[in-house]
**Student:** 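There's a structure below that I have some questions on.
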Amino acid sequence: MNTTILAFGIVRELFNGASKKMELPEGATVAALKNRLESDYPEIKKLRSYMVAVNNEYADDSLVFRAQDEIAVIPPVSGG
Amino acid sequence: MNTTILAFGIVRELFNGASKKMELPEGATVAALKNRLESDYPEIKKLRSYMVAVNNEYADDSLVFRAQDEIAVIPPVSGG
Amino acid sequence: MIDVKITEELLSAASCTEGLTDGACGGLAVFIGAVRSETKGKKVLRLEYECYPSMALKEMKKIAEAAIQACGAKQMRIHHRTGILYPGDIAVVVVAGSPHREAAFEACRYAIDTLKKTVPIWKKEVFEDGEEWISAHA
Amino acid sequence: MIDVKITEELLSAASCTEGLTDGACGGLAVFIGAVRSETKGKKVLRLEYECYPSMALKEMKKIAEAAIQACGAKQMRIHHRTGILYPGDIAVVVVAGSPHREAAFEACRYAIDTLKKTVPIWKKEVFEDGEEWISAHA
């Protein structure tokens with residue numbers, strides 16, 4: 001499954017861009033994506049925490065990606 | 001002792017004026033003034049409560065008036 | 001910084017920030033009290049505010065000082081309007097500034113709560129069929 | 001009424017009251033977050049805010065809805081600025097309107113507290129000698 005992972009803030013800087021194309025196996029979960037990200041970008045493990053958002057909602061680790069999902073990596077927010 | 005009692009809000013309306021000249025005995029206390037007010041203006045007793053201020057400070061019933069004191073009757077406040 | 005004022009002039013939103021967003025305080029907590037168009041289902045035509053100016057300013061200053069002492073706010077503004085106000089008009093603006101928003105909220109809340117209890121300001125509500133000094137009677 | 005906005009334009013005090021003091025709500029509780037000139041004694045040159053617009057607006061709307069449901073506020077406004085901000089600039093304005101000030105304060109407090117936890121907006125502090133994404137690391 002071809003996906004485009006959106007990135008913001010410090011993750012955008014780690015990605016060196018606002019998004020990253022990534023090939024994920026069919027049936028891949030959020031947890032699998034996190035493993036992949038942490039292996040490709042070990043700096044991610046140093047964050048206080050981070051979330052994955054799917055279609056503009058925070059997603060659980062167990063969520064299975066579907067085609068057309070909008071996927072984003074959300075480092076610790078700091079609005080206000 | 002000649003005094004001028006300042007009045008505001010509903011007490012100003014009871015006094016039919018923003019102040020009232022009043023002769024008080026030497027050594028009169030706030031409590032004595034209150035008795036006098038309640039006898040001259042029985043409507044005052046119907047208020048939820050009221051205070052006397054002396055020189056811009058809320059005064060206890062036991063305070064003894066001195067010449068030149070600025071005396072005011074303070075009905076329940078409702079600012080804001 | 002303490003800024004207390006009683007005025008017959010219009011109060012506007014500008015009072016919320018004017019001279020306060022100077023980079024020293026990250027958070028401003030503000031309370032804006034405006035005249036409601038209805039009270040208990042009755043249409044309000046206008047409110048008539050009066051005050052005992054010298055004492056009211058003194059009490060407002062005390063409140064601002066206590067809010068700084070007790071809550072840790074750094075900046076306190078309390079502006080109150082008097083005279084004749086119509087629905088939608090702003091009657092009071094309370095601003096508390098602090099590097100930390102908890103302190104700002106506490107100071108703002110303390111100030112408006114205390115103002116309503118201690119500051120010698122009175123309002124009369126005028127309806128189509130009568131008028132009433134607010135809080136005067138039990 | 002719910003009004004959420006993310007903008008690169010200046011936020012001003014006008015956002016605190018515009019369209020809100022219509023006579024329906026007696027009390028507006030407001031939080032104004034401005035850029036501080038110092039963090040832990042270090043001079044801040046500027047803040048760079050970015051956001052995930054579609055999700056941020058969705059989360060801001062959720063917060064406004066929850067504040068109305070849980071606290072009883074009637075009007076909620078959340079405006080957030082993004083882009084490059086300098087000390088003193090307003091980054092966020094949260095307004096909660098209610099006939100009762102307790103509800104307004106609670107709703108305002110809830111909204112800014114929750115915004116800081118859930119809304120995908122990020123800021124980088126830029127100092128004379130470096131920069132830092134706020135809250136990124138423990």
Side-chain angles (χ1 to χ4, degrees), chain C residues 10-40 43-47 74-75 85-102 104-113 115-116 123 134, chain D residues 10-40 43-47 74-75 85-102 104-113 115-116 123 134:
Chain C
L10 273 180
L11 291 179
S12 79
S15 299
C16 300
T17 55
E18 222 159 46
L20 296 175
T21 52
D22 58 357
C25 286
L28 298 176
V30 181
F31 178 78
I32 298 165
V35 177
R36 266 181 283 179
S37 48
E38 283 197 3
T39 298
K40 294 168 202 149
K43 195 180 160 196
V44 174
L45 296 184
R46 63 177 186 275
L47 254 57
K74 297 281 177 258
Q75 307 173 318
L85 278 74
Y86 296 94
D89 284 354
I90 297 175
V92 63
V93 175
V94 175
V95 188
S98 166
H100 304 288
R101 72 181 183 285
E102 296 74 18
F105 272 111
E106 270 174 47
C108 183
R109 184 77 192 265
Y110 166 83
I112 183 65
D113 286 355
L115 179 146
K116 284 170 178 271
K123 61 173 168 258
I134 303 304
Chain D
L10 274 180
L11 290 179
S12 79
S15 299
C16 300
T17 56
E18 222 159 45
L20 297 175
T21 51
D22 58 356
C25 286
L28 299 175
V30 182
F31 179 78
I32 298 165
V35 177
R36 268 180 284 181
S37 48
E38 284 197 2
T39 298
K40 293 167 203 150
K43 194 178 159 200
V44 174
L45 296 185
R46 64 177 185 276
L47 255 57
K74 297 280 176 257
Q75 306 173 318
L85 278 73
Y86 296 94
D89 283 354
I90 297 176
V92 64
V93 174
V94 175
V95 187
S98 165
H100 305 287
R101 72 182 184 284
E102 298 72 20
F105 273 112
E106 270 173 49
C108 183
R109 184 79 192 263
Y110 166 82
I112 183 66
D113 287 354
L115 179 149
K116 284 170 178 271
K123 59 175 171 261
I134 303 305

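Chain A is the first sequence line, chain B the second, and so forth, proteins listed ahead of strands; every chain is numbered from 1.
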**Student:** Specify the closest pair of heavy atoms between C/Phe105 and D/Ile112, including all atoms of both residues, with the distance to one decimal.
**Tutor:**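 Scanning both residues, the minimum pair turns out to be CE1-CG2, 3.8 Å.
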**Student:** So for C/Glu102, is it side chain, backbone, both, or neither that comes closer than 4.5 Å to the heavy atoms of chain D?
**Tutor:**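 Interface part for C/Glu102: both.
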**Student:** Where does C/Asp113 contact chain D at under 4.5 Å (heavy atoms): side chain, backbone, both or neither?
**Tutor:**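 For C/Asp113, backbone and side chain are both near chain D.
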**Student:** Which bit of C/Ala14 is near chain D, if near means a heavy-atom gap under 4.5 Å: side chain, backbone, both or neither?
**Tutor:**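 C/Ala14 touches chain D through backbone heavy atoms alone.
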**Student:** Distance check, rounded to the nearest 0.5 Å: D/Lys116 atom NZ versus C/Arg101 atom CZ?
**Tutor:**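 The CZ atom of C/Arg101 is 5.0 Å from NZ of D/Lys116, to the nearest 0.5 Å.
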**Student:** Tell me, please, which residues at least two apart from C/Ile90 pass side-chain contact (heavy atoms from CB on, under 4.5 Å).
**Tutor:**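 Counting only residues at least two positions away or on another chain, C/Ile90 forms a side-chain contact (heavy atoms from CB on, under 4.5 Å) with C/Leu11, C/Ile32, C/Val93, D/Thr17, D/Thr21.
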**Student:** Counting heavy-atom pairs under 4.5 Å with chain C, which one of D/Cys16, D/Ala91, D/Pro87 comes out on top?
**Tutor:**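 Ranked by contacts with chain C, first place is D/Cys16.
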**Student:** Rounded to the nearest 0.5 Å, what's the gap from NE2 on C/His100 to NZ on C/Lys74? Could you check?
**Tutor:**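 The NZ atom of C/Lys74 is 8.0 Å from NE2 of C/His100, to the nearest 0.5 Å.
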**Student:** For residues 25-38 of chain C, which residue pairs pass the salt bridge (charged side-chain N to carboxylate O under 4.0 Å, His left out) check, not counting sequence neighbours?
**Tutor:**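 Every pair satisfying salt bridge (charged side-chain N to carboxylate O under 4.0 Å, His left out) with a residue in residues 25-38 of chain C: there are none.
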**Student:** Out of C/Gly27, C/Gly97, C/Ala96, C/Ala104, which one racks up the most heavy-atom pairs below 4.5 Å with chain D?
**Tutor:**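 Most heavy-atom pairs under 4.5 Å with chain D: C/Gly27.
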